[in-house]
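None of these values were measured; they are calculated from a predicted model. Residue numbers start at 1 and run along the sequence shown.
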Amino acid sequence: MLPIALALMAKGVYDKTTNDSRAAAEHEEDRQFAKMKQERQARAWQDEDNLKASMRMAAAPASVDPNMVKAEEQDNRDVGQPGEPAPTQQGFRVNGQVLGSMAEAQKAADTHNAPGAVNARMSSALLQAGRPVEAQQLRSGARQEQVADLQADQLKQAAERDKKLREVGGLIKKGWPAVAEVYARYDDGMNAKVEPDGKGGATVIGIDGSGKEVSRTKYASLPDFFADVVAEFDPTKWIGMHEKKTERAESERRWNAEMDLRTKSEARRAAHDDRIAGIAERKSAASDPLSKLPPAVKLRAEGLRTEISQLNQAITKAQADGSWQPGSPGAKELATRKAALGLQLNQVLAPYMKGDGGVGDDALGLFGDEPPAKPSPGAAASPAPAPTAGAPAAAPAQPSAIASMASAIQQNRREASQQGAEYQQLQRRAQEAMSGGAALTQQERALARQYGIAT
């Protein structure tokens, strides 16, 4: 009995293990199938979202926008900041394409927004999404719509043609004098003159826009003329007068809109440039006190300032390296020269300086850190002692530093006066040349550029 019981027990264990393995395999298979189904559903949803986005993009209309361009030295962070130049308009942008004129941009937008173009883009989006049947249905529907539109246009054109021909017939019923009105309303650039023959017929003379006779046709009756008109009648030319007026008005509207945009853009840029130029001019005037002086005076003053600055630099350098000796002949010569230059500069600028114009006045701040000292109010030259009888004759007195400076001032006055006269003469010659008089010589032009006179 024991062996049988053991065998039965072993068989039960085997069956359970087998059933458990089979159940686990089936469960894993169901789980993998559910996962695959879920992934397919997610991909389908994603494809549907992509197709909707593509269809929206295909149907999106194109717009015409000004193409604003920033300066080369700017990046996007600079645009709109105070003191930065404003962007300028360079053409018009349509779907990322830049076109030069408003008319070209509007034409490109109209082409993009045409129903046929929209249907073609939507059909392409369906094909890319793997839906060829729907793409074919869309194309078929678009063709049917085009055929229907074409038939409707043909019927409309036929109705318009019949209507206009009835208008022509109604005019012709008035007699041969109405032929000129028929030609005037037919927009082909031709006019007509009629010469009746007194027998019911007439000769119709065609006249071009310049008034020249270009044709002469004889008709036996008004019906013959009407039959000739019907054979060559183009309703687009008959109704073209109104269409051309509308087109001309639309073209003028677009032109005005484009010019308005350009004018406003240029005005904004000009106002910005003027503002920047004004700031720069004010900064220049504040940093250079000589900026408002006459050119000749400014030229002389700048030369004296440069020489004074060079002397100050030489003195500072000598003091820094320890070679400066105030009592040495070289130091006295530099100090004397600097004082003389200061007096010359003060003399040149005296008419343009605030105060009494004395040596110590420095309203423009031109003498640096060491302006020339004012002379003492009570200082006066001591009288020279009378020669003693029998004493040896004194040696001739050497010219003093004051005398040297006075001589330098007189020389400077002569040079300034000469330069002022030269400046005025050049101004008169430049005005004479610009008024149609004798042209400036090469030497006069060079001097005019030196003095800053416009030629």
Side-chain heavy-atom pair Val204, Trp176 within 4.5 angstrom cut-off: yes
Glu29 bridged to Arg22 by N-O distance under 4.0 Å: no
Non-hydrogen atoms of Val94 and Ala62 that approach each other most closely: CG1-CB, 4.1 Å
Cationic N near anionic O, under 4.0 Å, Glu213 to Lys193: no
Trace of the side chain to side chain contact (heavy atoms under 4.5 Å, CB included) decision for Val98 with Gln90: CA-CA 8 Å; Val98 178; Gln90 297 182 10; over 6 Å; no
Gln146 and Arg143: side chain donor to acceptor below 3.5 Å: no
Check: His112 main-chain N/O paired with Arg121 side-chain donor or acceptor under 3.5 Å: yes
Any side-chain heavy-atom pair of Phe92 and Glu258 under 4.5 Å: yes
CG on Leu341 to OG1 on Thr306, rounded to 0.5 Å: 11.0 Å
Carboxylate-amine/guanidinium proximity below 4.0 Å for Asp47 and Arg43: no
Atom pair CG (Asp224) and NZ (Lys218), whose distance is rounded to the nearest 0.5 Å: 12.0 Å
Close side-chain approach of Glu195 and Ile205, heavy atoms under 4.5 Å: yes
Val214 to Ile207 - nearest heavy-atom pair and separation: CG2-N, 4.3 Å
Donor + acceptor pair across side chains of Gln157, Asp153 (<3.5 Å): no
Close side-chain approach of Lys338 and Asn312, heavy atoms under 4.5 Å: yes
Heavy-atom pair with the smallest gap, counting every atom of Leu222 and Gly175: CD1-CA, 3.7 Å
Which atom of Ala59 lies closest to which atom of Val118, heavy atoms considered: CA-CG1, 4.1 Å
Salt bridge present between Glu104 and Lys107 (N-O < 4.0 angstrom): no
Side-chain heavy atoms of Arg139 within contact of Leu127, under 4.5 Å: yes
Pairwise distance CG(Leu138) to OG(Ser124) - rounded to 0.5 angstrom: 11.0 Å
Flag if over 12 foreign heavy atoms under 6.0 Å of CD, Gln32: yes
Rounded distance (nearest 0.5 Å) linking atom OG of Ser63 with atom CD of Gln106: 10.0 Å
Heavy-atom side-chain contact between Gln136 and Ser140 under 4.5 Å: yes
Check: Gln344 and Arg300 side chains under 4.5 Å, non-hydrogen atoms: yes
Side chains of Asp208 and Met190 in contact at under 4.5 Å (non-hydrogen atoms): yes
Pairwise distance CD(Gln425) to CD(Glu444) - rounded to 0.5 angstrom: 7.5 Å
Smallest separation among heavy atoms of Arg254 and Met102, with atom names: O-CG, 4.0 Å
Short N-O contact, Arg305 and Glu302, less than 4.0 angstrom: no
Residue pair Pro196 / Ala202: nearest heavy atoms and the distance that separates them: CA-CB, 3.6 Å
Rounded distance [0.5 Å steps], CG in Asn67 versus CD in Gln97: 11.5 Å
